[in-house]
Amino acid sequence: MNVVKHEGVYKAFRVTGPTNNFLGLSITPNEPPSVRCVQRNLPGGGKCEIDEAKLVTAVSEGVSIAKRELQIALFVEQIEYVPTDTPDYEAYFDLAKAIVCSAASDFK
């Protein structure tokens, strides 16, 4: 999975035919008091498909697994997503895990 860093945010995409998932994470070595969620709207809008609570849960689980595997203390400060993307929370789990694995080298 390809992860890019742009203006301090790690971003990953999954596009498989008719389904799309975008996830951006701001990663920090210090535990923030809370996690902010930011919707990134695309031109044309559309109906919000993403359940933010389920998104946060999927991202948190993916980050936890990656941190345990890498034995590193990293935290999510902000989650960016597109509200009209496909509500595939397993995909967000995978994207979050990939982002932390990629970002880890920046914090060693």
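Just so it is clear, the structure is predicted and the values come from calculations on it, not from any experiment. FYI, side chains are in, hydrogens and waters are out, and symmetry mates aren't considered; it's all heavy atoms of this structure. Nothing fancy with the numbering, it's 1 onward along the sequence.
Cluster partners of I65 are F93, counting Ile, Leu, Val, Met, Phe, Trp and Tyr whose side-chain heavy atoms approach within less than 4.5 Å, directly or via other members.
A distance-only check finds no donor-acceptor pair linking the side chain of S102 to the backbone of I99 [under 3.5 Å].
Between V3 and A12, the shortest heavy-atom contact is CG2-CB, 4.2 Å. Of all the heavy atoms in L23 and Y92, the pair that sits closest is CD2-O, 3.8 Å. Between S26 and V9, the shortest heavy-atom distance links the atoms OG-CG2, 3.6 Å. When all heavy atoms of V76 and I79 are compared, the pair lying nearest together is CG1-CG1, 3.8 Å. When all heavy atoms of A103 and I27 are compared, the pair lying nearest together is CB-CG1, 4.3 Å.
With rounding to the nearest 0.5 Å, the separation of CZ in F22 from OG1 in T86 is 14.5 Å. Atom SG in C48 sits 10.0 Å away from atom CG in D85 (nearest 0.5 Å). Here the straight-line distance linking atom CZ of F13 with atom CG of N20 works out to 10.5 Å at 0.5 Å rounding.
Looking at S60 and T57, their side chains never bring a donor and an acceptor atom within 3.5 Å of each other.
A salt bridge (charged side-chain N to carboxylate O under 4.0 Å, His left out) check over residues 56-78, counting only residues at least two apart or in different chains, returns the pairs E69-K97. For residues 29-52, every residue pair satisfying the salt bridge (charged side-chain N to carboxylate O under 4.0 Å, His left out) rule, not counting sequence neighbours, is listed here: R40-E80.
Contact of the V35 side chain with the F75 side chain is not registered, since no non-hydrogen atoms from C-beta on lie closer than 4.5 Å. Between K11 and K5 there is no side-chain heavy-atom pair separated by less than 4.5 Å.
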Evaluate D88 against R14 for side-chain contact (heavy atoms from CB on, under 4.5 Å), listing each step before the verdict. CA-CA 10 Å; D88 181 346; R14 186 193 79 142; 3.3 Å; yes
Applying side-chain contact (heavy atoms from CB on, under 4.5 Å) to V82 and N41, what does each step give before you reach the verdict? CA-CA 6 Å; V82 176; N41 295 309; over 6 Å; no
Walk me through it: do L95 and N21 pass the test side-chain contact (heavy atoms from CB on, under 4.5 Å)? CA-CA 9 Å; L95 291 169; N21 299 95; 3.9 Å; yes
Test side-chain contact (heavy atoms from CB on, under 4.5 Å) on L25 and V59 and set out the steps. CA-CA 9 Å; L25 300 178; V59 168; 3.9 Å; yes
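Hydrophobic cluster membership differs between V4 and V15, with clusters built from Ile, Leu, Val, Met, Phe, Trp and Tyr side chains linked at under 4.5 angstrom.
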